[in-house]
Protein chains: 2
Amino acid sequence: MAKTVSERADVLPALAEVFREHGFEGASLSLIGQRTKLGKGSLYHFFPGGKEEMAVAVLDEIDGWFTANVFKPLREEVEPRRAIAGMLQAVDDYFRSGRRVCLIGAFALGDARDRFARQIRSYFATWNTVLAEALMRLGKDDETARNLAEETLAAIQGGLVLARALNDPCVFQRMLCQLKARLAA
Amino acid sequence: MAKTVSERADVLPALAEVFREHGFEGASLSLIGQRTKLGKGSLYHFFPGGKEEMAVAVLDEIDGWFTANVFKPLREEVEPRRAIAGMLQAVDDYFRSGRRVCLIGAFALGDARDRFARQIRSYFATWNTVLAEALMRLGKDDETARNLAEETLAAIQGGLVLARALNDPCVFQRMLCQLKARLAA
DNA sequence: GTCTATAGATCGATAGAC
DNA sequence: GTCTATCGATCTATAGAC
């Protein structure tokens, strides 16, 4: 006992999975304890702010992942075609081809939205902006690029909703496929 | 006291609003009691199955509204252009131009999905089918119609997610506008 | 048919031993 | 740093008065 091995970052993946599956309200501390294999004492040691701080940490980690694997490549890749193809590939990986839900989207639809409004807004706003800029580098005019970026994000989020509602991940894959064609046009 | 006036159907709108704002887990009985202005005794008189039965009743009512105002017109209107324009108008009204969330979509993303899987699936599956059929009557071939129907539902759901995440209902309106053009093409 | 009161379970959070 | 024990609050659900 008194294992000193754990770090805060170690429990984030399990934590994220619990929030993804049960939402903010549905993720009880006892459930979180089971899935992270940590007692409440340990959880409060890592997250003195309780469940809210756990969710903030998870959202931050997700934001970090997207910044590194989606937003940054989208901004820095000089060849816009490759930037966009890379984005779609990363999205497909992240959402496990439609088998995994977007936690930020789920939070946005639920009552957790107000609590985490800043992070939710920032995630989608950033994505929207960097994608629109990549589309402009591809030759689209300002308005077309903005609209197309917005439609792309909506198709991704909507595809995840539909895939889960119909219990059919293929819906999401078809959505990505269609986006690939549309964004290249 | 002993007011005999209330009927089950009278509380459904308030009930729906509570679930929409707080999700299934977040909608506590005390909150439901406040918003419906009914005590727990009355609520359990109308819904012996408790919160789950309340949610089922709300989902049924939503399904009834869409059947009458979206699915049925989409099936029966002989002029497919009018059928689709009518659908988009009904959707805009129902979702208050993006200010209102889709409860069924929100349930699909959260942990309520498994509990209400049948109703969630049926809602989207029916919509998808009747829209695809209308598109075929418009002259699209089978595969195109199916894909376009799917993309339409995803755009609507994704538009609602984005509108709420960015706190900007205009996103949803732009989405409907774009759909109008795309479906007519 | 609606209310208040409350049971019984579970919630988030804390304290203290080790 | 992790555990167990436990607090008070809140939850869903029930019982009984009116």
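The structure displayed is predicted, hence computed values, not measured ones. In the text below, chain A, chain B and the rest are named by the order of the sequence lines, each starting its count at 1.
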Can you check the [X] [atom1] to [N] [atom2] distance for me, whole Å?
{"X": "B:Phe47", "N": "D:dT12", "atom1": "CZ", "atom2": "P", "answer": "15 Å"}
{"X": "B:Phe46", "N": "D:dT12", "atom1": "CZ", "atom2": "P", "answer": "19 Å"}
{"X": "A:Met54", "N": "C:dC11", "atom1": "CE", "atom2": "P", "answer": "13 Å"}
{"X": "B:Lys37", "N": "C:dT4", "atom1": "NZ", "atom2": "P", "answer": "14 Å"}
{"X": "B:His45", "N": "D:dC18", "atom1": "NE2", "atom2": "C1'", "answer": "15 Å"}
{"X": "A:Leu43", "N": "C:dC11", "atom1": "CG", "atom2": "P", "answer": "14 Å"}
{"X": "A:Leu38", "N": "D:dC3", "atom1": "CG", "atom2": "C1'", "answer": "10 Å"}

Results of side-chain contact (heavy atoms from CB on, under 4.5 Å) for B:Arg121 - residues two or more places apart only: A:Leu166, A:Asn167
Non-neighbouring partners of B:Ser30 that pass side-chain contact (heavy atoms from CB on, under 4.5 Å), sequence neighbours left out: B:Ser28
Under 3.5 Å between N/O atoms: give me all the protein pairs with nucleotides 13-16 of chain D, atom names plus distance.
from	atom 1	to	atom 2	distance (Å)
D:dA13	OP2	B:Tyr44	OH	2.4
D:dA13	OP2	B:Lys51	N	3.4
D:dA13	O5'	B:Tyr44	OH	2.8
D:dA13	N6	B:Lys40	NZ	3.0

From C:dG12, D:dT2, C:dC3, nucleotide with atom closest to A:Ser28 side chain: C:dG12
Between D:dC3, D:dC11, D:dG1, spot the one nearest the side chain of A:Ser42, thanks. D:dC3
A:Ser30 side-chain N/O to C:dG12 phosphate OP1/OP2 under 4.0 Å: no
Close residues, residues 15-26 of chain A, relative to DNA chain D [heavy-atom separation under 4.0 Å]: none
Pair up each side-chain donor or acceptor in residues 55-69 of chain B with any protein partner under 3.5 Å, not counting sequence neighbours, and list the distances.
from	atom 1	to	atom 2	distance (Å)
B:Asp60	OD1	B:Gln119	NE2	2.7
B:Thr67	OG1	B:Asp63	O	2.8

Not counting sequence neighbours, list each pair that qualifies as a salt bridge (Lys or Arg N to Asp or Glu O under 4.0 Å) and has a residue in [range].
{"range": "residues 44-59 of chain A", "value": "A:Arg8-A:Glu53, A:Glu52-A:Arg115"}
{"range": "residues 85-106 of chain A", "value": "A:Glu17-A:Arg100"}
{"range": "residues 130-143 of chain A", "value": "A:Asp142-A:Arg146"}

Can I get a per-line list of side-chain donor-acceptor pairs under 3.5 Å for residues 174-185 of chain B, giving both atom names and the distance, sequence neighbours left out?
from	atom 1	to	atom 2	distance (Å)
B:Arg174	NE	A:Glu150	OE1	2.8
B:Arg174	NH2	A:Glu150	OE1	3.3
B:Arg174	NH2	A:Glu150	OE2	2.8
B:Gln178	NE2	A:Glu151	OE1	3.4
B:Arg182	NH2	B:Glu151	OE1	2.5

Do any N or O atoms from the side chain of B:Arg82 and from the backbone of B:Glu77 form a donor-acceptor pair under 3.5 angstrom? no
I need the B:Phe116 CZ to B:Leu103 CG distance, nearest 0.5 Å. 9.0 Å
